[in-house]
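We're numbering straight along the sequence, starting at 1.
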Amino acid sequence: MRAPTADLEAHDLLLRAGDLYYRFTERDLRRSIELYQAALARDSTLAAAWAGIAGAWCWLADDWLPPREAYPRAKAAALRAIALDPALAAGHSALGVVRMLYEWDAAGAEREIGRAVSLDSARGAASYDYGELLDLLGRTDSAVAYLRRARSVNPLDPQVTTRLGDFLAHAGRYAEAMAEYRQALELEPAHSLALIGMADVLLRHGKPEEALAVLGRAPEMGARVRVALARTYAALGRRAEAGRIARELERTARSRNVRADGPAIVYAALGDRDAAFRWLERAYRDRSASLVLNARSDVFAPLHADPRWPALLRRVGFIR
């Protein structure tokens with residue numbers, strides 16, 4: 001892999017964009033794209049900038065932008081990065097994420113992300129993405145190993161530690177998962193995804209009151225936190241409050257993008273299977289990543305006995 005650029009200003013823009021990228025908020029991700037584009041205006045051969053743009057579009061998808069809008073942009077940017085520098089791990093990794101989360105092509109995802117890992121085995125991002133893929137394919141022990149590798153490269157990144165906790169929870173290693181969530185919260189005390197993961201483990205152990213207290217520590221009521229709250233309210237028998245959150249999400253979806261799995265998760269928790277599957281059908285039409293990310297999750301456990309659930313997974317075709 002050649003040096004990113006000889007242009008010092010382009011290099012500075014690249015570094016500033018990367019700093020914003022790893023904050024994972026809509027505002028910062030959009031600003032990172034602007035800075036990556038400014039770097040390209042200085043040096044049009046800067047493959048790393050195209051890879052950064054691809055990654056930012058991937059993170060914007062589902063939570064802030066419709067998947068059909070964001071992922072094609074991510075794919076185009078990843079292909080530009082690879083064309084400029086075929087040995088750039090980040091380009092292959094970004095393309096692999098598109099294959100995994102949008103195109104639902106497990107073989108293609110493994111080929112591209114595996115290529116990224118082989119090109120730069122010390123790169124934490126590639127190991128993170130490969131761990132994500134392995135977990136989705138049910139190879140959770142291997143996924144944990146790759147996340148530990150990613151964490152060794154980025155020990156101060158709470159997102160890597162949180163996702164390691166998620167994978168341990170998927171494997172039923174709940175005590176270890178809770179330890180990882182606590183470590184993530186030491187790095188960032190209000191890290192919402194770590195709080196959600198911790199609350200999910202508490203729900204699995206029949207402790208909804210404790211889960212509610214944990215979620216109360218979240219700094220702002222983003223959609224994912226509200227969905228976790230609604231699940232907790234349902235477990236506490238506070239059905240009216242859970243239903244109110246579902247209706248709020250539906251109203252919001254009329255004017256801006258809402259992850260389609262959010263209302264589906266709440267309605268599943270409330271036992272309204274028809275409403276849950278209505279939103280899952282929307283997720284399928286949108287090609288939402290939620291259909292692969294949640295296929296093995298407990299959030300849809302109330303739907304697993306319904307014949308519509310395995311039929312939906314067969315249509316997605318990613319999970320075998």
Side-chain angles (χ1 to χ4, degrees), residues 1-130 132-133 150 153 257 286-289 292:
M1 183 178 67
R2 57 176 176 266
T5 181
D7 186 303
L8 293 179
E9 186 172 339
H11 187 261
D12 179 64
L13 288 164
L14 192 69
L15 294 176
R16 288 165 55 199
D19 179 63
L20 290 169
Y21 175 98
Y22 284 106
R23 297 180 189 177
F24 300 124
T25 69
E26 180 181 15
R27 178 180 178 181
D28 289 325
L29 287 166
R30 287 184 180 277
R31 180 59 179 151
S32 77
I33 291 173
E34 293 174 359
L35 293 179
Y36 283 129
Q37 290 171 334
L40 285 164
R42 298 278 310 180
D43 182 351
S44 62
T45 69
L46 193 48
W50 282 114
I53 290 170
W57 284 121
C58 286
W59 278 104
L60 284 164
D62 267 306
D63 282 298
W64 295 290
L65 289 176
R68 290 186 181 276
E69 177 182 339
Y71 282 116
R73 295 182 181 186
K75 182 177 181 179
L79 289 172
R80 289 289 296 272
I82 293 169
L84 285 167
D85 186 355
L88 181 66
H92 291 280
S93 194
L95 181 57
V97 169
V98 175
R99 302 269 194 240
M100 172 173 59
L101 298 182
Y102 181 68
E103 297 181 350
W104 303 337
D105 175 5
E110 188 155 16
R111 181 173 60 252
E112 292 297 334
I113 301 174
R115 174 70 171 150
V117 172
S118 68
L119 283 168
D120 190 358
S121 60
R123 186 173 182 273
S127 293
Y128 179 100
D129 293 334
Y130 200 56
E132 188 78 66
L133 175 64
V153 178
N257 183 69
D286 291 348
R287 295 196 73 85
S288 171
V292 294

Under the salt bridge (Lys or Arg N to Asp or Glu O under 4.0 Å) test, residues paired with Glu112 that sit two or more places apart: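 Counting only residues at least two positions away or on another chain, Glu112 forms no salt bridge (Lys or Arg N to Asp or Glu O under 4.0 Å).
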In chain order, what residues pass the salt bridge (Lys or Arg N to Asp or Glu O under 4.0 Å) check against Arg16, with sequence neighbours excluded?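 Listed in chain order: Asp12.
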Is there any salt bridge (Lys or Arg N to Asp or Glu O under 4.0 Å) pair reaching into residues 48-57, and which pairs are they, with sequence neighbours excluded?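 Checked against salt bridge (Lys or Arg N to Asp or Glu O under 4.0 Å) - neighbours excluded - no pair reaches residues 48-57.
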Spacing of [X] atom [atom1] and [Y] atom [atom2] [to the nearest 0.5 Å]:
| X | Y | atom1 | atom2 | value |
| --- | --- | --- | --- | --- |
| Glu132 | Ile113 | CD | CD1 | 9.0 Å |
| Tyr36 | Leu14 | OH | CG | 6.0 Å |
| Ile33 | Leu20 | CD1 | CG | 11.0 Å |

Is a donor on one side and an acceptor on the other found under 3.5 Å between the side chain of His92 and the backbone of Ala87?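 No; judged by distance alone, with no hydrogens or angles, the pair does not exist.
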Heavy atoms only: give me the nearest [X]-[Y] pair and the separation to one decimal.
| X | Y | result |
| --- | --- | --- |
| Ala89 | Asp120 | CB-CB, 3.8 Å |
| Arg287 | Tyr102 | NE-O, 2.8 Å |
| Ala49 | Leu40 | CB-CG, 3.7 Å |
| Ser288 | Asp62 | OG-OD1, 2.7 Å |
| Cys58 | Val98 | SG-CG2, 3.8 Å |
| Val117 | Ser127 | CG2-N, 4.2 Å |

Report, one line per pair, each donor and acceptor closer than 3.5 Å where one atom sits in a side chain of residues 25-32; sequence neighbours left out.
unit_1: Thr25; atom_1: OG1; unit_2: Asp28; atom_2: N; d: 3.1
unit_1: Thr25; atom_1: OG1; unit_2: Asp28; atom_2: OD2; d: 2.9
unit_1: Glu26; atom_1: OE2; unit_2: Arg30; atom_2: NE; d: 3.2
unit_1: Arg31; atom_1: NH1; unit_2: Glu34; atom_2: OE1; d: 2.8
unit_1: Ser32; atom_1: OG; unit_2: Leu29; atom_2: O; d: 2.6

With sequence neighbours excluded, give me every side chain to side chain donor-acceptor pair (under 3.5 Å) pair touching residues 48-60.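 Non-adjacent pairs meeting side chain to side chain donor-acceptor pair (under 3.5 Å): Tyr21-Trp59.
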Taking side chain to side chain donor-acceptor pair (under 3.5 Å) as the test, write out the residues that go with [X], two or more places apart.
| X | value |
| --- | --- |
| Asp105 | none |
| Asp7 | Arg42 |
| Asp43 | Thr5, Thr45 |
| Tyr130 | Glu110 |

Side-chain donor-acceptor pairs under 3.5 Å in residues 64-84, sequence neighbours left out?
unit_1: Arg68; atom_1: NE; unit_2: Arg285; atom_2: O; d: 2.8
unit_1: Arg68; atom_1: NH2; unit_2: Arg285; atom_2: O; d: 2.8
unit_1: Lys75; atom_1: NZ; unit_2: Glu103; atom_2: OE2; d: 2.8

